[in-house]
Enquirer: 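Here it is, the structure in full.
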Amino acid sequence: MLTILVVVAFLGSCFLAPYTSSLNLPCDSDDLRALEGFLEGLEYQIDGWSKNSSDCCSWEGVSCESPTPVRDDASFSLRVVSIVLGNKRLQGTLSKSLAGLIQLRTLNLSHNYFRSSLPIELFQLENLEVLDLSSNGLSGVLPMEINLPSLRYLDMSRNLLNGLINGGICETAKGLQVLDLSMNYFTGEIPAPSGNCRLLENLSLSSNLLAGNLPEDLFRFPRLSHLNLQNNNISGPLGLDFGNLSTLIKVDISRNGFSGILPDVFQNLRKLEQFYAGSNRFTGQLPASLSNSPTISGLNLSNNSLNGQIVLNCSAMVGLINLGLSSNRFNGPIPDNLANCPRLRSLDLAQNKLCGQLPDSFKNLKSLSHLTLYKTGLHNLSAALEILQHCRNLTILVLTSNFHNEAIPVDFNLQFNKLNTLVIANCQLIGSVPAWLSGCTKLQLLDLSWNRLSGKIPDLFGKLKFLFYLDLSNNSLSGEIPTGLTKLQSLIFRNLSSDSSQDLLFCFKINQTGLGLRYNQIWSFPPSLYLSSNLLTGPILPELGNLKLLHVLDLKNNSLSGYIPSTLSEMTNLETLDLSHNNLSGTIPPSLTFLSFLSKFSVAFNQLSGVIPSGGQFLTFPDSSFEGNKGLCGPPSLPCSSASREDPTITLGKSPEGAWESIMGLPFGFGAIVGFITVVAISFMCGWLLPQAERRTRKTGGN
Ligand SMILES: *[C@@H]1O[C@H](CO)[C@@H](O)[C@H](O)[C@H]1NC(C)=O
Ligand SMILES: *[C@@H]1O[C@H](CO)[C@@H](O)[C@H](O)[C@H]1NC(C)=O
Ligand SMILES: *[C@@H]1O[C@H](CO)[C@@H](O)[C@H](O)[C@H]1NC(C)=O
Ligand SMILES: *[C@@H]1O[C@H](CO)[C@@H](O)[C@H](O)[C@H]1NC(C)=O
Ligand SMILES: *[C@@H]1O[C@H](CO)[C@@H](O)[C@H](O)[C@H]1NC(C)=O
Ligand SMILES: *[C@@H]1O[C@H](CO)[C@@H](O)[C@H](O)[C@H]1NC(C)=O
Ligand SMILES: *[C@@H]1O[C@H](CO)[C@@H](O)[C@H](O)[C@H]1NC(C)=O
Ligand SMILES: *[C@@H]1O[C@H](CO)[C@@H](O)[C@H](O)[C@H]1NC(C)=O
Ligand SMILES: *[C@@H]1O[C@H](CO)[C@@H](O)[C@H](O)[C@H]1NC(C)=O
Ligand SMILES: *[C@@H]1O[C@H](CO)[C@@H](O)[C@H](O)[C@H]1NC(C)=O
Ligand SMILES: *[C@@H]1O[C@H](CO)[C@@H](O)[C@H](O)[C@H]1NC(C)=O
Ligand SMILES: *[C@@H]1O[C@H](CO)[C@@H](O)[C@H](O)[C@H]1NC(C)=O
């Protein structure tokens with residue numbers, strides 16, 4: 001018995017298992033020619049491929065098997081069945097010679113830089129099962145003639161393909177499971193896919209230019225689980241047939257032109273976990289089957305025209321984690337029973353016509369991490385904060401544009417141990433900046449702008465070692481700038497708490513024009529200090545120069561007096577410096593010309609005098625940056641009288657030290673910048689710093 005098994009196993013390994021090149025069989029000469037043709041289109045050779053060696057089966061990424069004996073000469077050569085060269089930085093033309101690899105089953109050339117039109121010959125490979133050409137620069141159209149009967153997986157996302165999508169793909173590729181054509185320039189309607197792809201599970205056509213209605217045939221895929229159509233211009237209703245897709249797990253149809261009511265078919269979608277339909281034109285109320293779905297964990301219907309009360313049956317919706325209903329026409333109170341959604345982590349109800357107080361039951365939302373109630377008609381801030389401090393996991397709280405004319409609670413000890421973002425702007429709040437903020441030790445971003453807060457700025461911010469964005473602008477704060485602000489650790493050396501790095505933030509900041517400025521991630525906020533439009537007096541502290549990582553310093557429209565400290569030039573990352581509309585006197589320190597990234601600068605409407613420094617970024621500032629100072633002269637403003645006209649190097653450095661800087665400092669400065677770029681680029685590969693670093697490279701490169 002055992003012997004038989006061994007023999008069977010031996011025979012099996014001889015006849016069934018693929019031969020490998022260790023058997024020293026040559027690779028098929030046709031296949032070798034095809035690969036050589038492919039190589040010719042490349043700008044560089046591929047590591048591990050040797051033109052000298054005719055044993056192409058040993059080349060890296062190439063796999064061979066003995067041929068299936070379909071041809072008479074089922075001879076002693078190996079056929080190429082797989083090429084996997086994803087992520088190799090290959091550049092050049094994708095050669096049609098690959099179509100000569102008639103036994104090919106896998107072709108994966110994703111994440112390279114092929115910039116040619118799509119070789120349509122590849123669509124005739126009868127044995128091809130996996131074709132992944134995603135993330136290249138391929139252009140052109142899908143061929144009319146497609147003959148890929150073995151295809152299971154087709155990914156051509158992230159290319160430059162255009163034209164119509166050929167629905168005929170399903171005529172031959174009956175076993176297709178994954179079709180991903182997202183992020184191209186396909187136009188026209190989604191084709192009726194002939195109903196033949198019975199095994200299709202994942203269909204992704206997102207981020208194209210598709211229009212028209214959904215074809216009925218789309219609702220006949222018996223196994224469809226992931227449907228991504230977001231970011232197109234697809235219109236019409238989402239009909240009742242949608243309920244036929246009972247295998248759906250994730251659907252994203254956001255950012256299209258869908259209209260009509262949401263079909264009440266969600267009871268049939270027994271596996272649906274994520275339904276994203278934001279930024280469409282859906283109307284009507286939430287269908288009962290949706291608001292009772294036990295499987296949904298992510299629901300985003302933001303930016304539609306849904307109305308009625310927000311009625312969710314949280315006793316049924318036990319899986320709900322993320323809920324986005326912002327920018328609709330929901331009315332009535334904030335639903336009391338939301339607190340029964342035990343796993344709710346993120347809740348965005350912004351911009352609806354809601355009213356009333358925050359329900360007391362919100363105390364029970366122990367998992368709640370992000371709460372956005374921007375512009376919801378909410379009142380009673382004291383009660384809201386009192387309730388929310390029981391939500392121990394709260395990290396992001398946005399309450400902007402509510403509570404008009406209320407007092408900010410100051411008298412009790414609120415605890416927000418995990419809060420990293422607090423935005424209560426544009427609420428006309430009265431009172432002072434509350435002392436309990438010093439207990440919010442994780443705070444990174446605080447925005448209390450556009451209120452009517454008065455009194456001094458308390459000296460508590462120095463203790464908030466993660467704070468890098470502070471906006472107290474447009475209040476009635478008085479007194480001097482507290483020294484604590486010169487000690488903000490995360491503006492001296494970046495020190496962000498790691499647990500918040502990827503937090504999504506959906507909030508609006510209203511800027512001067514009243515338009516919404518949208519930030520998606522805390523990282524997209526530049527390190528900033530906004531104290532503008534208050535009643536601040538006293539000097540600009542020279543120690544502000546410590547804040548080397550600051551990008552924006554806005555002190556405009558106060559009553560600050562004294563000199564502009566020359567140490568401000570130590571804020572080497574500064575991009576915006578606005579000191580306009582104050583009572584500053586003295587000269588503009590020439591050292592400010594060393595701020596190489598300064599792109600917005602104003603000292604307008606002060607009592608400054610002397611020559612405007614020249615050089616560096618100062619060559620780019622307009623006259624309006626300096627206007628309203630009777631004593632200032634020199635370009636770009638009025639020319640100085642001949643009496644004050646001096647040798648520019650002497651002007652630049654009034655002190656011997658300054659003159660030295662003007663000679664030695666410049667080249668040193670640029671060296672330091674180049675070094676800085678390298679360090680920044682390497683150290684902060686995430687988010688906000690990268691674009692800055694790129695901008696810098698360009699700037700210094702131009703010098
Ligand atoms: C290929 O062969 C040529 C001449 O036969 C030789 O000069 C060259 O070094 C070989 N290249 C490799 C990579 O073996
Ligand atoms: C193709 O290769 C890339 C990079 O190696 C990999 O991420 C991707 O999953 C592969 N595609 C398929 C279909 O296996
Ligand atoms: C479909 O996509 C999902 C999510 O990306 C993935 O988990 C699943 O494996 C895919 N199905 C197939 C057949 O590749
Ligand atoms: C989107 O489709 C509508 C018709 O449904 C059309 O009026 C509109 O111009 C299209 N928008 C774009 C950007 O193609
Ligand atoms: C969806 O299912 C219903 C009821 O089974 C059926 O009448 C309808 O034709 C189906 N729709 C499609 C597009 O197959
Ligand atoms: C919800 O949808 C809106 C509109 O499409 C989008 O802007 C927002 O980022 C989405 N929110 C989440 C959490 O995905
Ligand atoms: C809201 O949807 C409209 C189209 O319906 C779109 O133009 C707009 O950009 C969307 N707004 C957001 C914030 O996504
Ligand atoms: C809410 O869901 C629970 C549990 O599924 C169910 O018993 C109850 O009838 C539902 N209530 C309403 C108003 O639909
Ligand atoms: C609170 O957050 C932590 C980590 O962020 C997580 O491990 C914990 O499960 C959360 N608590 C609740 C009740 O969701
Ligand atoms: C705010 O709510 C608290 C607690 O519910 C209540 O005692 C207080 O009167 C409310 N204040 C206002 C102004 O409605
Ligand atoms: C200050 O805030 C008020 C609303 O409180 C707003 O109308 C005004 O435009 C703001 N001023 C500035 C300079 O931002
Ligand atoms: C205000 O925000 C809008 C929208 O993001 C932007 O277009 C505009 O330039 C901003 N204005 C200022 C003064 O920053």
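Because the structure is a prediction, the values reported are computed rather than measured. Whatever order the structure lists them in is the order used to number ligands and atoms, beginning at 1.
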Enquirer: Can you tell me which portion of Gln357 lies within the under-4.0 Å heavy-atom range of ligand 10? Options are side chain, backbone, both, or neither.
Expert: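 It is the side chain that gets close, since no backbone atom is under 4.0 Å.
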Enquirer: Just verifying a value: how many Å separate Gln357 CD and Leu381 CG, rounded to the nearest 0.5 Å?
Expert: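 So the CD of Gln357 and the CG of Leu381 are separated by 11.0 Å.
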Enquirer: Taking the inter-plane angle between the rings of Phe258 and Phe282 on a 0 to 90° scale, is it parallel (under 30°), tilted (30 to 60°) or perpendicular (over 60°)?
Expert: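 It falls in the parallel class, under 30°.
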Enquirer: Between ligand 8 and the protein, give all atom pairs where both partners are nitrogen or oxygen and the distance is under 3.5 Å, as lines of names plus distance to 0.1 Å.
Expert:
from     : atom 1 : to     : atom 2 : distance (Å)
ligand 8 : 2 (O)  : Asn313 : OD1    : 3.3
ligand 8 : 2 (O)  : Asn313 : ND2    : 2.3
ligand 8 : 11 (N) : Asn313 : ND2    : 2.8
ligand 8 : 14 (O) : Asn313 : ND2    : 3.4

Enquirer: Going by distance alone, is a donor N or O of one side chain under 3.5 Å from an acceptor N or O of the other, for Ser401 and Asn426?
Expert: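 Per modelled atom types, Ser401 and Asn426 side chains form a pair under 3.5 Å.
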Enquirer: Does any N/O atom on Ser533 come nearer than 3.5 Å to any N/O atom on ligand 11?
Expert: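 No, no N or O pair falls under 3.5 Å.
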Enquirer: Side chain, backbone, both or neither: which part of Arg452 comes within less than 4.0 Å of ligand 11 when only heavy atoms are counted?
Expert: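 Neither part.
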Enquirer: Out of all atoms in ligand 10, which are within 4.0 Å of some heavy atom of Ala383? Include the element for each.
Expert: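 Listed by number with element, the hits are 1 (C), 2 (O).
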Enquirer: Identify, with sequence neighbours excluded, every residue that meets ring pair (Phe, Tyr, Trp, His ring centres under 6.0 Å) alongside Phe605.
Expert: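 Per chain and number, Phe605 pairs via ring pair (Phe, Tyr, Trp, His ring centres under 6.0 Å) with His581.
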Enquirer: Pull out every atom of ligand 11 sitting under 4.0 Å from any heavy atom of Trp450, numbered as shown with elements.
Expert: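 Matching atoms, with element in brackets: 2 (O), 4 (C), 5 (O), 6 (C), 10 (C), 14 (O).
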Enquirer: Check contact between Glu386 and ligand 10, using heavy atoms of the residue and a distance below 4.0 angstrom.
Expert: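 Checking ligand 10 against Glu386, which is what was asked, there is no heavy-atom contact under 4.0 Å.
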Enquirer: Could you label the plane-to-plane angle of the Phe275 and Phe242 rings as parallel, tilted or perpendicular, counting under 30° as parallel and over 60° as perpendicular?
Expert: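 Tilted: the ring planes of Phe275 and Phe242 meet at 30° to 60°.
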Enquirer: Distance from Asn300 atom CG to Asn322 atom CG, nearest 0.5 Å?
Expert: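 With rounding to 0.5 Å, CG (Asn300) is 9.0 Å from CG (Asn322).
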Enquirer: More than 12 foreign heavy atoms under 6.0 Å from NZ of Lys366: is that the case here?
Expert: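 Result for NZ/Lys366: enclosed.
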Enquirer: Search all heavy atoms of Leu470 against all heavy atoms of Leu467 and return the closest pair with its distance.
Expert: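 Closest approach of Leu470 to Leu467: CB-CD2, 4.2 Å.
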Enquirer: Can you name the one residue among Ser293, Cys341, Ser297 that meets side chain to side chain contact (heavy atoms under 4.5 Å, CB included) with Leu320?
Expert: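 Answer to the side chain to side chain contact (heavy atoms under 4.5 Å, CB included) test with Leu320 among Ser293, Cys341, Ser297: Cys341.
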